[in-house]
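Take a look at the structure below.
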Amino acid sequence: MTNVVKQRWKTESGKDIFNFLKIMEMRIDTNQLLRFTTAGSVDDGKSTLIGRLLYDSKAIFEDQLQAVENTSKRKGHDGVDLALFTDGLRDEREQGITIDVAYRYFTTPKRKFIIADTPGHIQYTRNMVTGASTANAALILIDARNGVIEQTKRHAFIASLLQIPHIIVCVNKMDLVDYSEKIYEDIINQFEGFSSKLYVKDIQFLPISALNGDNVVKRSKNMDWFQGAPLLHTLEHMHISSDINKIDARFPVQTVLRPQSEGFIDYRGYAGRVASGIFRSGDEVTIMPSGFTSKIKSIDTMEGSLNEVFAPMSVSITLEDDIDVSRGDMIAKTNNKPSPVQEFDAMLCWLNITSARPRAKYTILHTSNEQKAMIKEVLYKIDINTYSREETDKSLNMNDIGRIKIRTTRPLMIDEYRDNRITGSFVLIDDATHETVAAGMIL
Amino acid sequence: MSKYYLNYLDELESEAIFILREVWAQFQNPVILFSGGKDSILVTHLAKKAFYPSKIPFPLMHVDTGHNFPETIQFRNEIIEDLNAQLIVGSVQESIDQGRVAEEKGKNATRNSLQITTLLDAIEANRIDCAIGGGRRDEEKARAKERFFSHRDDFGQWDPKNQRPELWNILNGKHFEGEHFRVFPISNWTEMDVWNYILRENVKIPSLYFAHDREVVWRNDSWIPVSDHLKLEEGEAVHTKKVRFRTLGDITITGGIESDADTLEKIVAEVASMKQTERGNRSDDKRSETAMEDRKRQGYF
């Protein structure tokens with residue numbers, strides 16, 4: 001390896017390096033981060049697809065490749081088993097399944113990507129939900145030989161429940177069905193038969209073979225009938241700037257900065273990350289829940305003050321008036337405020353082995369705010385395989401999803417999850433164990 | 001007319017600042033685990049930004065194996081003075097002297113796993129409820145499953161199969177007396193992101209990262225630096241090579257690579273062309289397929 005590096009430097013003049021860096025800098029200035037989730041099992045080729053993306057985009061290093069080649073040989077596979085690139089913990093390697101969310105990274109000249117790789121079995125719904133909560137896009141894999149199965153409907157439901165802005169349905173293993181256009185069209189029809197019942201903004205379909213690389217990074221030579229772009233190109237060019245709400249300005253206060261040092265004797269900055277929308281210096285703002293109003297005096301960072309700031313930037317905001325603001329408060333524009341409520345409906349996903357205790361108190365975390373909360377009523381549960389409502393058995397057990405009524409001790413400043421994934425979401429914590437037991441999406 | 005989206009480095013920076021501020025809001029007694037390596041330097045740099053114009057509101061903690069590069073210690077002391085911060089040192093040598101741990105034997109003996117005891121002792125002695133580290137998910141397969149806020153039981157152990165789900169940007173740092181958290185603000189950064197950011201921000205890093213002439217020995221497929229702790233084996237010879245280090249661990253196990261990269265620009269270009277992972281030169285990770293997972297379960301960084 002040292003030789004590789006040496007040769008590189010011998011053949012490159014200083015000028016080449018300078019140009020190379022100029023290109024790199026351009027990328028850094030403009031390239032966005034796209035987070036996507038892949039749910040599925042080894043059977044439908046999820047691990048192979050991720051392995052293919054990492055391998056073909058050159059995110060795999062020689063020593064990683066060597067390790068995987070060795071294991072492939074030991075297990076008696078022909079060639080490199082791409083699925084081995086995503087093996088994580090020892091138990092997962094031994095059982096050949098994904099248990100927990102694993103994060104993978106790769107970068108292309110266009111974008112940086114974070115993959116939340118989650119298991120697809122029903123007992124791991126909680127991990128799918130976790131991976132989906134921050135994703136811009138969801139990849140849903142379908143084995144072309146099997147068509148739409150229960151798992152497909154489950155994944156589509158979770159993607160819509162968590163409001164993942166973009167869904168890409170990959171019909172995989174096209175090589176095993178002779179790259180048949182008819183089979184592909186039939187699967188799309190099956191999918192659209194149920195997906196029309198879901199609230200999703202953007203669905204695209206792709207025929208691929210992860211194993212052979214058809215339509216993953218490079219366009220397939222085996223499917224002339226398909227005119228769309230390959231998967232990577234789709235991920236690189238998808239419009240994601242609108243995925244974050246830029247309309248409703250919300251600033252949950254994390255902590256107060258009071259340096260009391262020379263030059264900053266009276267400085268009082270409210271530190272936080274903009275949850276949504278845009279704030280400008282001079283904006284009329286209301287502090288929630290107190291209702292005090294003021295104007296933004298400055299928006300500060302270590303590099304200096306900014307005229308405007310938008311989600312998801314982390315800054316420190318100072319106000320014209322000396323009013324009491326602390327962690328858990330929210331700064332919003334006076335002409336567009338969230339609603340302070342103490343009772344609301346939400347879709348709740350139960351994440352813990354200990355079932356929900358009816359009318360018990362939990363700690364609720366919502367943005368930087370913390371309260372006690374009580375599940376007043378479970379209205380119904382949803383069967384995520386059939387999308388039907390269950391109105392008789394209302395117990396919330398691990399991996400169950402249901403609509404609930406919840407009441408908090410003091411008002412929360414909420415938006416609907418559909419409009420705002422940050423101010424519309426919350427988690428519940430069991431005070432007996434301190435574990436995160438449920439994730440909620442406000443209706 | 002501005003475009004209302006961030007580039008990925010700005011987004012990663014904002015995410016890390018958010019996490020560091022959550023630490024300050026949710027814990028009583030947090031520290032930054034500072035090794036003198038680029039990742040903990042980056043975390044410290046981000047902490048400066050998170051709390052500006054206040055100074056970093058928590059101490060830096062160094063687990064000193066006694067097998068340091070002298071340059072690392074010098075750099076550590078400078079940064080402490082620069083930040084006007086408090087330094088807590090946990091000493092592996094003291095743990096050995098007190099009989100808490102025993103030195104490994106054999107040719108590839110290191111103090112790497114001995115650090116676990118020293119680290120956990122220091123956490124307990126200083127009543128630390130949160131240790132902020134520079135771990136990244138792209139480093140190693142066990143790390144790929146790590147949370148931002150990672151719970152440790154009262155023995156300091158990690159249970160990878162029983163982790164708290166982490167959704168949206170809601171971080172749950174609740175814990176009982178005696179338990180603590182490890183927090184990883186740069187989880188989502190890759191090695192390339194770290195270098196690009198260090199270049200962009202012109203972050204000061206130890207001279208060891210830059211190509212320099214050094215006496216080294218070829219061992220375990222990399223150039224191990226000559227030091228008081230190195231015993232020459234039969235057939236090994238001392239060479240003087242122009243080398244630099246991609247990661248900084250103990251001087252006894254951190255292999256250098258031959259390189260002419262003596263500026264940040266050249267380092268970034270070199271890293272971009274690398275064919276091996278950065279931990280490929282760390283013999284602590286080569287011991288077995290699950291070496292990192294096993295150490296992490298016990299309480300390693």
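Lettering follows sequence order; numbering is per chain, from 1. No hydrogens, no waters, no symmetry mates; every other heavy atom, side chains included, goes into these values.
Heavy atoms of B:Glu11 lying under 4.5 Å from chain A belong exclusively to its side chain. Proximity to chain B is absent for every atom of A:Ser242, based on heavy atoms less than 4.5 angstrom apart. For a residue to count as touching a neighbouring chain, one of its non-hydrogen atoms must lie under 4.5 Å from one of that chain's; by this rule A:Ile422 touches chain B with the side chain only. No part of A:Ile244 comes within reach of chain B, as not one of its non-hydrogen atoms sits under 4.5 angstrom from that chain. Neither the backbone nor the side chain of B:Lys55 has a heavy atom closer than 4.5 Å to any heavy atom of chain A. Interface remark: A:Leu257 contributes backbone and side-chain atoms alike to the contact with chain B (heavy atom separation under 4.5 Å). Contacts of A:Tyr103 with chain B are made by both backbone and side-chain atoms, with heavy-atom separations under 4.5 Å. Contacts of A:Thr436 with chain B are made by both backbone and side-chain atoms, with heavy-atom separations under 4.5 Å. Only the backbone of B:Ala50 comes within contact range of chain A, with heavy atoms under 4.5 Å apart. For chain B, the nearby parts of A:Val129 are the backbone and the side chain; heavy atoms of each come within less than 4.5 Å. Residue contact with chain A, scored on non-hydrogen atoms closer than 4.5 Å, involves the side chain of B:Leu12 exclusively. Using a 4.5 Å cut-off between heavy atoms, B:Leu6 touches chain A through backbone and side chain atoms alike. In this structure, no portion of A:Ile353 lies under 4.5 Å from any heavy atom of chain B.
Of the N and O atoms on the side chains of A:Thr363 and A:Asp431, at least one donor lies less than 3.5 Å from an acceptor on the other residue. In summary, the side chains of A:Tyr417 and A:Gln163 do not present any donor paired with an acceptor at a separation below 3.5 Å, with no hydrogens or angles considered. At a cut-off of 3.5 Å, with distance as the only test, no side-chain donor of B:Tyr8 or A:Thr107 sits close to an acceptor on the other residue. Using a 3.5 Å distance cut-off with no hydrogens or angles, the side chains of B:Arg137 and B:Asn188 do pair a donor with an acceptor.
With values rounded to the nearest 0.5 angstrom, B:Glu191 atom CD is found 9.0 Å from B:Glu139 atom CD. Between the NE2 atom in B:His212 and the OG atom in B:Ser259 there is a gap of 10.5 Å [rounded to 0.5 Å].
Ranked by heavy-atom pairs under 4.5 Å with chain A, the list B:Glu146, B:Lys48, B:Gln26, B:Glu22 is led by B:Glu22. Between chain A and the options B:Val243, B:Asp10, B:Asp193, heavy-atom pairs under 4.5 Å are most frequent for B:Asp193. Taking chain A as the reference chain and counting heavy-atom pairs below 4.5 Å, the highest number among B:Phe18, B:Trp168, B:Phe176 is found for B:Trp168. The residue among B:Arg21, B:His175, B:Glu13, B:Arg164 with the most heavy atom pairs within less than 4.5 Å of chain A is B:Arg21. Interface check for chain A: of the options B:His151, B:Arg147, B:Glu179, the most heavy-atom pairs under 4.5 Å are formed by B:Arg147. In terms of heavy-atom pairs under 4.5 angstrom with chain B, the leader among A:Glu303, A:Gln260, A:Arg111, A:Arg273 is A:Arg273. Residue with the most contacts toward chain B among A:Thr134, A:Thr130, A:Leu34, A:Thr433: A:Thr130 (heavy-atom pairs, distance under 4.5 Å). In terms of heavy-atom pairs under 4.5 Å with chain A, the best-connected choice from B:Leu167, B:Ile17, B:Asn169 is B:Leu167. Put simply, of A:Ser425, A:Ala275, A:Ser241, the one with the most heavy-atom pairs under 4.5 Å next to chain B is A:Ser425.
Contact between A:Tyr362 and A:Leu428 at its shortest, heavy atoms only, is CB-CB, 4.2 Å. For B:Arg143 against B:Arg136, the heavy-atom pair with the smallest separation is CD-O, 3.4 Å. The shortest non-hydrogen separation linking B:Ile41 to B:Val203 is CG2-CG1, 3.7 Å. The nearest pair of heavy atoms linking B:Ile56 to B:Thr44 is CD1-O, 3.6 Å. Nearest heavy atom pair, residue B:Gly134 against residue B:Ile186, reads O-CD1, 3.5 Å.
Salt bridge A:Arg35/B:Glu15: present, at least one basic N to carboxylate O contact under 4.0 Å.
Under a 3.5 Å cut-off, the side chain of A:Asn31 and the backbone N or O of A:Lys110 do form a donor-acceptor pair.
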